[in-house]
Amino acid sequence: MKSLKKVALAAALVLSLAGVAEARDQIRIVGSSTVYPFSSAVAEEFGATNKQFKSPVVESTGSGGGHKLFYAGVGPDTPDITNSSRRMKVEELEANIKNGVTEITEAKIGFDGIVIAQNIGNADMDLSLKDLALAVLEEVPVDGKLAPNPYKTWKQLNPALPDRKIVIYGPPATSGTRDAFVEMVVEKFTGKDETFKAVLGKDAASYKKIRQDGPYVPAGENDNLIVQKLTKDTEAVGIFGYSFLAENKDRIKGCTVGGNPPTFENISSGKYPISRALFFYVKDAHIGKIAGLKEYVELFMSEKMIGDAGYLKTIGLIPLPAAEREKVRKDVTGFKKLTAEDLK
Amino acid sequence: MASLFGIDEKKLLRKRRAAEKRFRLCAIFALFLAGAFLVFFLFNISMKGYPAFQQAELLVTVNYTAEAHDNPYAALDADTVQIVSRSFTRLIPSMMAENSRLIGTTQEQWVLASADTDQYMKGRPNRLKPRHQALVDTMRQEGKARLAFNTGFFEAGDSKLPELAGIRAAAVGSVYVLLITLAISFPVGVMCAVYLEEFAPDNRLTQIIEVNINNLAAIPSILYGLLGLAIFINFMGVARSSALVGGLTLSLMTLPAIIISTRAAIRSIPPSIREAALALGATPLQVVWHHTLPLSLPGILTGTIIGLARAMGETAPLLIVGMMAYIPEAPENFSSAATVLPAQIFTWASDSQRAFSERTAAGIMVLLVFLLGMNGTAIWLRNKYERKW
């Protein structure tokens, strides 16, 4: 009988704990897995150098998942900040306002380049957006009609390229990096290309199906695995974030795009075409209610974090140009309200 | 010589023996293959992971000047700053604020080296500039740079600085989560099994329940995460990312496994024991408490521990309830944010910094030791209390 009592006691204890949802003394951050390393680096710095605050909890949920959690409402059960590897959509802002999250501040923190990399022993490759798009599209125009992508080697789609089989290890359909790649490479090409326009008319820019016949290999969310594959597979190229190229320069190298190598300077100046801005969004109603939120945002926007010699640069964030940085910092630390106008 | 039925029995015998031999070879080969995979995996992980148990340290001169209070980099000379861990330099101002006697002094002390210095001293790829590599080499000759046992790995929580990152917060989180899982799934699971085996009538309803329990045991674990999110977080309001919500979710997942193993254990007890007890006047409750449960306990415990070991290695459901996150501090209570060992391994594995790869492997080694310990306990319990009828 004794053990029965113990069991009942344990169950009661657990249930009594379950009902408690107390106020928070810890910042909660959700969102993009691309921004996650930077956000958690700032969170760590914040926790380590401010003894009066607990380290913020940073979850990697993906940009879309982060916005969804963020616009659930105002209060300690909802996150204070969401990270995003793209700008907030107008629909997401509307959902925020509908749920009472009327005051949001947008912070642009820097850029992330997407690189096309290959084994370091290979001959250099210079790709254009057209080459890349033709290599990954499911269907391309042939004689005025869309036909399944016929290109099997790089040479077939551009005689200047090496006679190598097309093998591309890239992010899977669920990834934000894939969305960004499609938007900045595929859509940019199909929207401007005359042959596509001739076949599809107005819809050309929205044609963005990626081929599934083999040459494009969705390689999972872990970019380290793609890097490892490139060290073994000399035929393949891989698509991933700039920081993975910077860390592995002894065994892989980036392809130039339109003649521009994926360097820090080129991505920062916009010369290298495949790069995107990174953001985070703050729930202004939580400022003053959640301890340390204001201080965290200020630390994030400070020069020693996102500046030209900042800490985040050493782990792969590409800083904004100095003038823009100054302006963004002023807006963010003044908690300027985001409006639908800004997002258009 | 003609045989009895016109069959050459010698040939037949040879054929049968050959078939026997082939079968045995196949079995041995299968065993060898399984063993080879295991050895390869363990070897690979240990080779990658063992360097993480050593950590580079540097003996440097720190000038606690007034200037260093505002700009911590001024406390060290310009080249040394580049090879020392940021985890030390960033704390210089707060160290000076806490201990005013430090101000104005110069101290020689061992500090953590940066991840690149650490990797360079271990002969692994790094991003150290040649000038700093030379500096590390001279310091090493002078005995000012050493590889020491990495106690920090077992004392610290997660960090974005590979040299500072440790496994402790995740290990403590795992223990918290498992405690909750055990506290819920063990009593509930055993009670369910006892009822189904000893008391429930054999009708359509119990058959449906039985089929469902067996099905639940085979469901992909991520579905339990979604269930946990809906019930515990959205409905009951349990704190997201807390050890409590993780433990509750995993206990849902472990329940079917415990019910099934407990039922098997109870069923293996000879009915004669129950009948004898009943014949001597014991009530059904007494039969269960005095005979059935104590006798089936080894089987129940084995099943429970193996169920918990599975829960321990689980990440998918915990991702949904928010435990896959940067949480550097070990949880203080059941409702504070926590992360677990496999989630920690996952976040390290996807980090771009090379120095994290050895930490990942070392984290896997720690997880394996935990699992080995749990499975070892299960075997020990079974051997100790096992009874033959």
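In the text below, chain A, chain B and the rest are named by the order of the sequence lines, each starting its count at 1.
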Exercise. To the nearest 0.5 Å, tell me how far B/Asp351 CG sits from A/Asn224 CG.
Key: 7.5 Å

Practice problem: Pick whichever of A/Ala48, A/Ala72, A/Ser33 has the most heavy-atom pairs under 4.5 Å with chain B. | Solution: A/Ala48

Quiz item: Under a 4.5 Å heavy-atom cut-off, does chain B meet the side chain of A/Glu45, its backbone, both or neither?
Solution: both

Quiz item: Cut-off 3.5 Å, side chains only: do A/Glu44 and B/Ser159 have a donor facing an acceptor?
Solution: yes

Quiz item: Using non-hydrogen atoms only, which part of B/Gln353 is less than 4.5 Å away from chain A: side chain, backbone, both, or neither?
Solution: both

Quiz prompt | A/Lys51 NZ: over 12 foreign heavy atoms closer than 6.0 Å | solution = yes

Self-check item: Spacing of A/Glu59 atom CD and B/Ile327 atom CD1 [to the nearest 0.5 Å]
Solution: 7.5 Å

Quiz item: What part of B/Thr339 gets closer than 4.5 Å to chain A, counting heavy atoms only: side chain, backbone, both or neither?
Solution: neither

Practice problem: Report, as yes or no, whether the 6.0 Å neighbourhood of atom CZ on B/Phe235 holds more than 12 heavy atoms from other residues, nucleotides or ligands. | Solution: no

Practice problem: May I ask you to name which of B/Ala325, B/Ala337, B/Ser336, B/Pro328 has the most heavy-atom pairs under 4.5 Å with chain A? | Solution: B/Ala325

Quiz prompt | Greatest number of heavy atom pairs closer than 4.5 Å to chain B - which of A/Ile29, A/Val57, A/Val30 | solution = A/Val57

Exercise. Give a yes or no on this: more than 12 heavy atoms of other residues, nucleotides or ligands lie within 6.0 Å of atom NZ of B/Lys122.
Key: yes

Practice problem: Quickly, which of A/Leu69, A/Thr78, A/Asp77 forms a side chain to side chain contact (heavy atoms under 4.5 Å, CB included) with B/Arg240? Name it, please. | Solution: A/Leu69

Practice problem: Mind ranking A/Ile315, A/Asp223, A/Asn248 by heavy-atom pairs under 4.5 Å with chain B and telling me who comes out on top? | Solution: A/Asn248

Quiz prompt | Toward chain B, the part of A/Tyr36 with a non-hydrogen atom under 4.5 Å | solution = side chain

Quiz item: Relative to chain A, which segment of B/Leu164 carries a heavy atom at a distance below 4.5 Å: side chain, backbone, both, or neither?
Solution: side chain

Quiz item: To the nearest 0.5 Å, how far apart are OG1 in A/Thr314 and CZ in B/Arg127?
Solution: 7.5 Å

Quiz item: Out of curiosity, A/Ser55 OG to B/Asp158 CG, how far, rounded to the nearest 0.5 Å?
Solution: 10.0 Å

Self-check item: Segment of B/Glu332 engaging chain A (4.5 angstrom heavy-atom cut-off)
Solution: side chain

Quiz item: Can you list the steps and then say if B/Lys160 with A/Tyr311 is a side-chain contact (heavy atoms from CB on, under 4.5 Å)?
Solution: CA-CA 11 Å; B/Lys160 281 285 123 184; A/Tyr311 171 37; 4.2 Å; yes

Quiz item: What distance do B/Arg354 atom CZ and A/Phe244 atom CZ have between them, rounded to the nearest 0.5 Å?
Solution: 11.5 Å

Quiz item: Out of A/Ala43, A/Gly316, A/Ala246, which one racks up the most heavy-atom pairs below 4.5 Å with chain B?
Solution: A/Ala246

Exercise. Using distance alone, with no hydrogens and no angle criterion, decide if B/Ser241 and A/Arg28 have a side-chain donor and acceptor under 3.5 Å apart.
Key: yes

Exercise. Might you confirm whether atom CZ of B/Arg90 has over 12 heavy atoms from other residues, nucleotides or ligands at distances under 6.0 Å?
Key: yes

